[in-house]
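FYI, side chains are in, hydrogens and waters are out, and symmetry mates aren't considered; it's all heavy atoms of this structure. For clarity, every value in this text was computed on a predicted model and none was experimentally measured.
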Amino acid sequence: MDSTVRQKSSDVISAALTKRIVQGELKPGDKLRQDHIAKEFGASHVPVREALLHLVGRGLAVALPRQGVRVAPLDPDAVKELKVMRLALEPVALRHSIPRLSETQIRRAEELQRICDQAEDVKTWEAANRGFHLATIAACDMPRLIGEIDDLQLLSARHFLQHGADRWRRREDLEHRAIMTAVRKRDIEGAVMVLQRHISRFG
């Protein structure tokens, strides 16, 4: 298989499994069987292995001796660590992103803000919420930082959907609105202050 095609196949498999793990369709400890996954996606074992390694690298799966790859456990103690890490990294990304955000990128963030406010179910809201936060830092020009934040937000989302989804109610997110108001004004300190308060509510 051509390396580009294989990478694309691996990305598709990884994205599908990531969604299932985050949304709880795949439970902690579930075995991720290469042969079953390969059959489902019509792929060889090579892109499946690459996808599973990607999940392990993101903290969504674990590779255990003689047990293969399984969905990672949900550690309640990790919530505090995730919050601390997000508070350390996301404000840095936002500071560097705001001066560089294009009008198109700002409009995309505003659209995701509207989707959050109008979501009829928690899964739709969660995906849009995560997209909103990534959209606001899209222009920071630090791909490694964005990748780390993306992973942290996935792990945070998984914890929320498993342990906090029952508390979700449709509402207008005033902190999202305040962040976008500050972004429009290129008010870096104002946006960062609201973001820090917003993340602090997690968990």
### Task
Would you mind checking if E111 and R107 are paired as a salt bridge, meaning a charged N to carboxylate O distance below 4.0 Å?
no
### Task
Taking side-chain contact (heavy atoms from CB on, under 4.5 Å) as the test, write out the residues that go with A61, two or more places apart.
L32, L55, V56, V69
### Query
Residues in side-chain hydrogen bond (donor to acceptor under 3.5 Å, both in side chains) with Q34, at least two apart?
H45
### Message
Quick check for you: to the nearest 0.5 Å, what is the distance between L112 atom CG and L134 atom CG?
### Response
9.5 Å
### Task
Look up atom CG in L94 and atom CD in E189, then write down how far apart they are to the nearest 0.5 Å.
10.0 Å
### Task
Give me the other members of the hydrophobic cluster that L64 sits in, counting Ile, Leu, Val, Met, Phe, Trp and Tyr linked by side-chain heavy atoms under 4.5 Å, directly or via other members.
V62
### Q113: partners by side-chain hydrogen bond (donor to acceptor under 3.5 Å, both in side chains), with sequence neighbours left out
none
### Query
Mind checking what makes side-chain contact (heavy atoms from CB on, under 4.5 Å) contact with K185, not counting sequence neighbours?
T181, D187
### Message
According to salt bridge (charged side-chain N to carboxylate O under 4.0 Å, His left out), does anything in residues 52-75 pair up with another residue at least two apart or in another chain? List the pairs.
### Response
R58-D150, R58-D151
### Query
Taking atom NZ of K80 as the centre, does the number of heavy atoms from other residues, nucleotides or ligands within less than 6.0 Å exceed 12?
no
### Query
Which residue pairs satisfy the salt bridge (charged side-chain N to carboxylate O under 4.0 Å, His left out) criterion with at least one member in residues 115-133, sequence neighbours excluded?
E120-R170, E126-R130
### Message
I146: which residues meet the side-chain contact (heavy atoms from CB on, under 4.5 Å) condition with it, sequence neighbours left out?
### Response
I137, C140
### Query
For T104, which residues count as a side-chain hydrogen bond (donor to acceptor under 3.5 Å, both in side chains) partner, sequence neighbours excluded?
none
### Query
Which side-chain hydrogen bond (donor to acceptor under 3.5 Å, both in side chains) pairs, counting each pair once, include a residue from residues 19-28, with sequence neighbours left out?
R20-E40
### Task
Give, for atom CZ of R158 and atom CD1 of I21, the distance between the pair rounded to the nearest 0.5 Å.
6.5 Å
### Query
What residues form a ring-ring contact (aromatic ring centres under 6.0 Å, His included) with H198, not counting sequence neighbours?
H133, H176
### Task
Using side-chain hydrogen bond (donor to acceptor under 3.5 Å, both in side chains) as the criterion, list what pairs up with R86, not counting sequence neighbours.
E90
### Query
If every non-hydrogen atom of L101 is compared with every non-hydrogen atom of A135, which pair is closest and at what distance?
CD2-O, 3.8 Å
